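These notes are about the structure you will find just below.
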Amino acid sequence: MIEARRLHILRAVADHRTVTAAAAALYLTPSAVSQQLTALEQETGHRLVERGAKGVRLTPGAGEILLSHTHAVLAQLERAEAELAAYGAGEAGTVTVAAFATGIAQVVAPAVARLAASAPGIRIRVQDAEGDASLPMVLDRQVDVAVAVEYRGAPPADDPRLTHVPLYAEPFDAVVPVTHRLADGPEVPLAELAKDPWIGPYPGNPCHDVVVLACENAGFQPRLEHSSDDFRAVVALASADVGVALVPRSALRGMDLTGVVVRPVDGVAPTRRVFAAVRRGAEGHPLIRPVLDALGAAAEDA
């Protein structure tokens, strides 16, 4: 009989690609993870992982086969928990939501306010986390819901481990110093910024991918001379006339824009698409469903 907790460990190892990283995500010791993998191999009678200099990977045969069934088994267990919670009323409990800063302001905080009125038994705990961090947190069961941004390398909408709920899409605007040669125009053609120094998020931040891809589509690689994941810092640096930037429109709300000019991008604007994600099968849980509904309603009102 295969134990479900060992399937969780197998998937974590497949996701993180090292025993140490999987152990950290699951709050276990590396030796405990290795022992559970060995036990799982004994249960199945097959070699499931291969260890190498760069970490571990699932074996092309048995390991990949079991992983595909693992996604289905764990999703069904999530559905079972959801139905049992519904059977037992499930009207009170805590749901943990991980979201990036502007997503918290845009949809999470309004959703919390909605739930306080419509579902007072549901307590929301919010954690600030970028999209590339929040999705693994959901998969590792550290949080229940992630509000994340599409980015290169992100799990696709049909990923068997997750259920995606689209929330909203927003354009990036160009932020240039007031003294910039393009400051007086109604729009900013990105190609005209090819030789400028740039300010932007660090690699790994989903917004970094949006900025770089937009510039690549305009025919150049941005020369990123200054880096910050805080858009207030990005705008402050632009106001100091050290570079130009692309910033999500919602991040500019209520910000001090002294010293900069904000203009829409000429042509097709770079866009970030925001979605909520839960472990597949958990979307019907009586505590999680109201949270997803509240996030959707907040996105519609934004």
Side-chain angles (χ1 to χ4, degrees), residues 1-88 90 93-98 127 129 131-146 148 151 153-164 204 276-285 287-288:
M1 180 69 71
I2 297 174
E3 291 190 19
R5 65 192 177 98
R6 289 176 182 150
L7 295 180
H8 280 292
I9 290 172
L10 180 74
R11 187 158 80 177
V13 169
D15 287 343
H16 295 281
R17 294 190 172 90
T18 72
V19 168
T20 301
L26 298 174
Y27 300 103
L28 297 172
T29 64
S31 62
V33 169
S34 295
Q35 290 169 8
Q36 293 299 319
L37 287 175
T38 299
L40 186 58
E41 289 180 327
Q42 292 172 348
E43 287 175 344
T44 60
H46 293 279
R47 187 182 179 194
L48 301 174
V49 297
E50 295 176 342
R51 293 169 172 81
K54 296 183 178 180
V56 297
R57 68 183 184 93
L58 271 57
T59 55
E64 294 293 344
I65 289 171
L66 185 57
L67 181 65
S68 67
H69 287 285
T70 292
H71 297 325
V73 169
L74 296 183
Q76 192 59 41
L77 286 173
E78 293 284 354
R79 294 186 189 100
E81 289 181 9
E83 289 190 20
L84 286 170
Y87 177 77
T94 299
V95 176
T96 304
V97 179
Q127 296 185 19
D132 58 328
S134 62
L135 294 176
M137 291 167 72
V138 167
L139 291 171
D140 293 334
R141 305 181 70 86
Q142 296 172 5
V143 301
D144 303 302
V145 181
Y151 60 95
D158 60 353
D159 190 293
R161 303 168 298 172
L162 296 166
T163 293
H164 283 222
V278 299
R279 291 180 294 277
R280 189 171 292 271
E283 61 274 8
H285 193 287
L287 294 179
I288 292 176

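Fair warning: this is a prediction, and the values are worked out from it, not measured in the lab. Counting begins at 1 with the first residue of the sequence.
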Under the ring-ring contact (aromatic ring centres under 6.0 Å, His included) test, which residues partner His164, sequence neighbours left out? Phe275
With Asp144 via salt bridge (charged side-chain N to carboxylate O under 4.0 Å, His left out) - residues at least two apart: Arg279
side-chain contact (heavy atoms from CB on, under 4.5 Å) partners of Arg17, counting only residues at least two apart: none
For a 4.5 angstrom cut-off between non-hydrogen side-chain atoms, does Leu37 reach Val56? no
Any donor-acceptor pair under 3.5 Å linking the side-chain atoms of Thr29 with those of Ser31? yes
Return the [atom1] to [atom2] distance between [X] and [Y], rounded to the nearest 0.5 Å.
X      : Y      : atom1 : atom2 : value
Met137 : Gln127 : CE    : CD    : 4.0 Å
Arg11  : Leu58  : CZ    : CG    : 12.0 Å
Leu66  : His71  : CG    : NE2   : 10.0 Å
Ile288 : Thr96  : CD1   : OG1   : 9.5 Å
Leu135 : Asp140 : CG    : CG    : 11.0 Å
Arg280 : Leu74  : CZ    : CG    : 12.5 Å

Side-chain donor/acceptor of Gln142 to backbone N/O of Ala25, under 3.5 Å: yes
Are the side chain of Ser134 and the backbone of Ala129 linked by a donor-acceptor contact shorter than 3.5 Å? no
Using the test side chain to side chain donor-acceptor pair (under 3.5 Å), find all partners of [X] that sit at least two apart in sequence or belong to another chain.
X     : result
Arg57 : Glu50
Thr70 : none
Arg6  : Gln36, Glu43

Can you give me the closest heavy-atom contact between [X] and [Y], atom names plus distance?
X      : Y      : answer
Thr59  : Gly63  : OG1-N, 2.8 Å
Gly281 : Thr163 : N-OG1, 4.2 Å
Leu67  : Ala14  : CD2-CB, 4.0 Å
Ala282 : Val278 : C-CG2, 4.4 Å
Gly55  : Thr18  : CA-CG2, 4.3 Å
Ala277 : Val138 : O-CG2, 4.0 Å

